[in-house]
Student: 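Input: one structure, supplied below.
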Amino acid sequence: LASTYAAETLVAAKLTKEIEDTQKEVVFTMGAIGESRSKETGNHVKRVAEYSKLLALEYGLPEAEAELLKEASPMHDIGKVAIPDKILNKPGRFTPEERKIMNKHAELGYEMTRHSQRDLLKAASIIAYEHHEKYDGTGYPRGLKGEEIHIYGRITALADVFDALGSDRVYKKAWDDKRILKLFKEERGKHFDPKLVDIFFANLDKFFKIRNNFKDLFKQKSEQKDLKEYERQILVLGAYGNKLKGFATSSFLLNQTNVIDAGNLLDGLNEESIHLEKIWLTHAHLDHISDIAYILDNYYALREKPLTIIGEAQTLKALQNCYLNDQIWPDFSKIKLINSNEMVINYEELSLGKIYTLSKDESLKAFKTDHTVGSCGYIYKKANQAVLITSDVYSLQTMFEELELDKEIKSIVVECSFPSDMEKLAEKSKHLTPKLLFKQLKVLENKDITLYINHIKPIYLEKIIAEIERYRGDWEVNILKDGEILNF
């Protein structure tokens, strides 16, 4: 009889633990689903959970409560499941109305979980409701201040922001650590509980260790880069006007086999670059051609089809004479593919104004642009709507002409390389500043056009962004980032 009772007790204990483990797993999975809708990863919620427990223990919460916080924190953004995709994944700034809708996710998450009597979901409810409150009372949804904010909310707020800023996403690059730490010092007593900020800085090595242990494991590259599931989108592989740590140069992936410019193919695509069949060049400057060499050198043995480089005659001549010339880099137009008599590279001269068919509903057209060397921009059309990409440019006159000719162009990507106090250099190098850009764009003030800006020199990024805000007038501006999806 005693043995029977003991056995039943063990079975009951095992069943209780199984239920608890299942509950924790369900909560974590729900949290991961909420994050995945906004292009986050499952490891984001893992890291936030680990950071939260570390902060809780150092703050002085009991082990059991710190563990509860860890298990509940993955639900911090569960309310995002009720936010429309067009807002949740918008690549540019929110309008005031869109921001109002987005901010509702905190209240929505609270409403989803507040009726539960389970400790785990009670904690999740608090976290969802209060992790966007700020210590100085300027947060949302209720504008709570100081210790009016539950300690769970204060802890998760810090953990979530640290991870969001320090992690790569498909739509942005991570901030560097120096920039993150500067922000946290500035936000001590403003956004964040000062005591928690002090704990954070006292345990930086532990935070960095957690981040390293739970690195992001993104979807397979082919899933990320294949754009068939989207209606009218481009993947921005490189968005900037110079290379710097965390910043890549010009490259726009149109679909799995076609890309405009080659400034960031290696880091942007890695092995998936073997599927590229055509690179459409705007001009021959290094920041637009550099990765042709590297993808061929690294993945030569994996390529099954030739790579066709398409550009104006002087662009191709510069590429062949000065770069892929058996001196700077091998001339791959003389090297055969493995198991094929075809050469690795073919060159094709571009015809300005000609409409090239990429697929049954995709086309590409090149037009002349104003730069220091022979240069063109492209109009990419899909499903009867088009985006115009200027590439490097000074005068926008040819862009205006194309907009008059083709009313299906609803989005434009325009460069802006230098700050306005470098106007003379911009003029000489045939680039734009915010002042020059918006002076020319006055022609389009009454047009229904979405404006994207790229090619900013990273070293001037903050200054140029501030100037864009100053000169933009009524324009809604979307500043492109590496890895971002451009909707048109």
Student: Could you pull out all residues at least two apart from N212 that satisfy side chain to side chain donor-acceptor pair (under 3.5 Å)?
Tutor: K215

Student: Taking the six-membered ring for Trp, are Y356 and W280 parallel (under 30°), tilted (30 to 60°) or perpendicular (over 60°)?
Tutor: perpendicular

Student: Sort out for me which residue in V45, T113, T156, I127 forms a side-chain contact (heavy atoms from CB on, under 4.5 Å) with M75.
Tutor: T113

Student: Is there a donor in the side chain of Y380 and an acceptor in the side chain of E362, or the other way round, less than 3.5 Å apart?
Tutor: yes

Student: So that I can tick it off, tell me whether R211 and D177 are bridged by a salt bridge, with the cut-off set at under 4.0 angstrom between side-chain N and carboxylate O.
Tutor: yes

Student: Using salt bridge (Lys or Arg N to Asp or Glu O under 4.0 Å) as the criterion, point out the one residue from E58, E63, E71 that pairs with K53.
Tutor: E63

Student: Check whether NZ of the Lys or CZ of the Arg K195 lies under 6.0 Å from the centre of the six-membered ring of Y59 and within 45 degrees of that ring's axis.
Tutor: yes

Student: Looking only at the side chains, is there a donor atom on one of D77 and H131 sitting less than 3.5 Å from an acceptor on the other?
Tutor: yes

Student: If the threshold is 4.0 Å, N to carboxylate O, is there a salt bridge linking D136 and K190?
Tutor: no

Student: With a cut-off of under 6.0 Å to the ring centre and 45° to the axis, is R472 in cation-pi contact with W475?
Tutor: no

Student: Answer with yes or no after comparing the ring centroid distance for H431 and H455 against a 6.0 Å cut-off, counting only values under it.
Tutor: yes

Student: Take E50 and K70, measure what salt bridge (Lys or Arg N to Asp or Glu O under 4.0 Å) needs, and give me the verdict at the end.
Tutor: CA-CA 6 Å; E50 295 292 338; K70 172 187 171 181; 3.2 Å; yes

Student: So does M102 get a backbone contact from the side chain of H105, meaning a donor-acceptor N/O pair under 3.5 Å?
Tutor: yes

Student: When you check the gap from the basic side-chain N to the acidic O, do R188 and D198 get nearer than 4.0 Å?
Tutor: yes

Student: Any sub-3.5 Å donor-acceptor pair from Y323's side-chain atoms to S290's backbone N or O?
Tutor: yes

Student: Under a 3.5 Å cutoff, is there a donor and acceptor pairing between the side chains of Y152 and E65?
Tutor: yes

Student: By side chain to side chain donor-acceptor pair (under 3.5 Å), which residues pair with D421, not counting sequence neighbours?
Tutor: K463

Student: Among V387, L235, N478, which one satisfies side-chain contact (heavy atoms from CB on, under 4.5 Å) with L486?
Tutor: V387

Student: Around atom NZ of K104, are there more than 12 heavy atoms from other residues, nucleotides or ligands closer than 6.0 Å?
Tutor: no

Student: Considering all heavy atoms of both residues, which atom of T369 and which atom of D392 are nearest to each other, and what is their separation?
Tutor: OG1-O, 4.2 Å

